[in-house]
Asks: 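One structure follows; several queries about it will come next.
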Amino acid sequence: MRLVAITLRFLLTVLVMPVATAVAAISAIAIHAVSPGSSAIQGVTNSWSRLWLAVTGTRLTVRGTVTDTGRPYIVISNHGSWLDIMANFLAVPLPLRFLSKKELFRVPLMGQAMRALGMVEIDRERAGSMHDAINDGVARVAARGESVMVYPEGTRTRTGEMRPFKKGAFRMAIDNQLPILPMTISGSYDAWPAGKLPRGGHLLVEVGEPIPTEGLGREDIADLAHRAEQVVRETRERLDREQVTARA
């Protein structure tokens, strides 16, 4: 029966979600054309995220919240599967903007939608000037009162275990004097392991306390990265234990 359920979820995902994603993209482009920066765009991303979770048979529970929603953050999270994106959108009442490779902006419709959403374009070929380009993009997002979402592991885990955090997100936070908002997700790897079919399940997300960066310099990047990684690792271990106990 479980194999049948997994197969049905996969069929629903490949049949329904491309259409739903196209509709969401067109909606975002249309809203942006009429009213740039409208909060209605966030409604589009949230609806799209809820549909992804529903189609893949995934439940979401969120603990904690952001008390100061009037300022931008660098939001970080562990990265277990594609479902993290949807969980991150829904977990906090903040307009989240992702860092995205420039190649994605060339994809018809997707590229237009990403620009409408205000995503930050990253040109990996710029080498030494890439950090400046990223900071310019982050500064533009922050000036609009929006937050930047980053996965410090760099990519999805292939084993379920967290990867070491890279320093880029923390350089951005310090360079722009933005607080780090840690978010921890348990269950996303089990719900949709990399390279496999979506299995569904329960995502347990906890929003942590912001970590301030005021007064920090580039010499503090490594320490900030270590502190944030410890927060997410310890929270992930605790949430994973709770998930195992709940299933027992």
Side-chain angles (χ1 to χ4, degrees), residues 2-32 39-63 65 75-101 104-105 107-120 146-151 153 155-158 160 183-207 236 239 243:
R2 180 165 175 75
L3 179 59
V4 172
I6 290 173
T7 303
L8 288 174
R9 289 190 190 109
F10 171 71
L11 291 174
L12 280 173
T13 300
V14 298
L15 293 174
V16 174
M17 291 317 301
V19 176
T21 299
V23 170
I26 293 169
S27 300
I29 293 167
I31 293 170
H32 178 74
S39 60
I41 290 180
Q42 190 171 350
V44 171
T45 59
N46 286 353
S47 297
W48 174 82
S49 298
R50 290 189 185 95
L51 184 57
W52 264 106
L53 295 181
V55 167
T56 57
T58 307
R59 295 180 295 113
L60 175 65
T61 300
V62 179
R63 294 180 184 170
T65 189
V75 184
I76 64 165
S77 172
N78 58 305
H79 198 12
S81 80
W82 291 119
L83 295 173
D84 297 330
I85 297 171
M86 299 77 182
N88 293 138
F89 271 133
L90 295 170
V92 288
L94 298 171
L96 298 182
R97 304 297 178 249
F98 288 76
L99 303 178
S100 304
K101 296 182 293 184
L104 294 178
F105 286 83
V107 178
L109 192 62
M110 178 186 290
Q112 293 170 281
M114 291 171 67
R115 289 189 178 90
L117 289 168
M119 301 303 181
V120 181
E146 300 165 349
S147 296
V148 177
M149 181 74 226
V150 184
Y151 298 113
E153 294 169 84
T155 187
R156 292 171 295 158
T157 176
R158 296 284 169 171
M183 195 183 303
T184 308
I185 304 176
S186 171
S188 65
Y189 177 80
D190 292 334
W192 195 349
K196 298 183 180 179
L197 302 181
R199 300 173 179 173
H202 182 216
L203 304 191
L204 182 54
V205 180
E206 184 164 305
V207 181
R236 162 78 188 273
L239 297 181
Q243 295 263 59

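Atom set for the values below is all heavy atoms of this structure, side chains included, hydrogens, waters and symmetry mates excluded. FYI, the numbering just counts along the sequence from 1. Small disclaimer: the values here were computed from a predicted structure and weren't measured.
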Asks: Considering all heavy atoms of both residues, which atom of A194 and which atom of Y189 are nearest to each other, and what is their separation?
Replies: N-CE1, 4.2 Å
Asks: If I compare all heavy atoms of A28 with all of I41, which pair ends up nearest, and what's the gap?
Replies: O-CD1, 4.1 Å
Asks: Would you check, one step at a time, whether the test side chain to side chain contact (heavy atoms under 4.5 Å, CB included) holds for V62 with L90?
Replies: CA-CA 9 Å; V62 179; L90 295 170; 5.8 Å; no
Asks: To the nearest 0.5 Å, what is the distance between NE2 on H79 and OG1 on T157?
Replies: 10.0 Å
Asks: So, R115 side chain and F105 main chain: donor-acceptor pair closer than 3.5 Å or not?
Replies: yes
Asks: Atom CE of M119 and atom CG of L96: how far apart are they, to the nearest 0.5 Å?
Replies: 8.5 Å
Asks: Locate the shortest heavy-atom distance separating A191 from P193; write the atom from each residue and the value.
Replies: C-CD, 4.0 Å
Asks: Answer yes or no: does atom CE of M110 have more than 12 heavy-atom neighbours from other residues, nucleotides or ligands under 6.0 Å?
Replies: no
Asks: Please determine whether side chain to side chain contact (heavy atoms under 4.5 Å, CB included) holds for the pair Y151 and N88, giving the CA-CA distance in whole Å, both sets of side-chain angles, and the decisive distance to 0.1 Å.
Replies: CA-CA 11 Å; Y151 298 113; N88 293 138; 2.5 Å; yes
Asks: Between G187 and Q243, which heavy-atom pair has the shortest distance, and what is it?
Replies: CA-NE2, 3.9 Å
Asks: From M86 CE over to T45 OG1, what is the distance, rounded to the nearest 0.5 angstrom?
Replies: 11.0 Å
Asks: I would like to know whether I85 and W52 meet side chain to side chain contact (heavy atoms under 4.5 Å, CB included); could you show each step before the answer?
Replies: CA-CA 10 Å; I85 297 171; W52 264 106; over 6 Å; no
Asks: So how far is it from I31 CD1 to L117 CG, rounded to the nearest 0.5 Å?
Replies: 9.5 Å
Asks: State, with a plain yes or no, whether a side-chain heavy atom of W192 is found less than 4.5 Å away from one of T13.
Replies: yes
Asks: Do you know which two heavy atoms are closest between Q42 and L94, and how far apart they sit?
Replies: NE2-O, 3.3 Å
Asks: For L204 and T61: C-alpha separation, side-chain torsions, deciding distance, then whether side chain to side chain contact (heavy atoms under 4.5 Å, CB included) applies.
Replies: CA-CA 5 Å; L204 182 54; T61 300; 3.9 Å; yes
Asks: Grab the two heavy atoms, one from S81 and one from S188, that are nearest each other, plus how far apart they are.
Replies: OG-O, 3.1 Å
Asks: CG/L109 to CD1/I29 distance, rounded to the nearest 0.5 angstrom?
Replies: 4.5 Å
Asks: Let me confirm one number: the CD1-CD distance from I185 to E206, rounded to the nearest 0.5 Å.
Replies: 12.0 Å
